[in-house]
Amino acid sequence: FPSHDTPNAWTIRELMTCIEAITKCKFTYGDATDTPSPFGIEEDYYMNVAKAQKAGFHVEELAKWMPSLIEVLAKKA
């Protein structure tokens with residue numbers, strides 16, 4: 001799913017695309033007249049984990065664990 005220069009970060013759109021693919025539920029985007037969404041941010045944010053990696057922590061790529069987490073959570077819903 002990731003499509004940008006930061007290999008271990010997803011945009012909100014990429015996350016929603018993954019959720020759609022797993023749950024088979026279509027996400028609908030509202031327009032400016034709708035109630036503002038908490039995901040209606042103008043920029044993407046991600047956590048820089050370089051210091052954690054330098055300290056010896058292994059950081060698994062989101063693409064390896066996020067889809068299975070979404071599946072587990074979707075089954076509980």
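For clarity, every value in this text was computed on a predicted model and none was experimentally measured.
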Strictly distance-based, threshold 3.5 Å: is any side-chain N or O of Glu20 a donor or acceptor partner for the main-chain N or O of Phe27?
yes
Any salt bridge (charged side-chain N to carboxylate O under 4.0 Å, His left out) involving residues 64-77? Give me the pairs, sequence neighbours left out, ordered by first then second residue.
Glu60-Lys64
Return the NE2 to CD distance between His58 and Gln53, rounded to the nearest 0.5 Å.
8.5 Å
Once rounded to the nearest 0.5 Å, what's the spacing between atom CE of Met16 and atom CH2 of Trp10?
12.0 Å
Among Val72, Ile22, Ile19, Leu62, side chain to side chain contact (heavy atoms under 4.5 Å, CB included) partner for Pro67
Ile22
Are Thr11 and Glu14 side-chain neighbours, meaning at least one heavy-atom pair lies under 4.5 Å?
yes
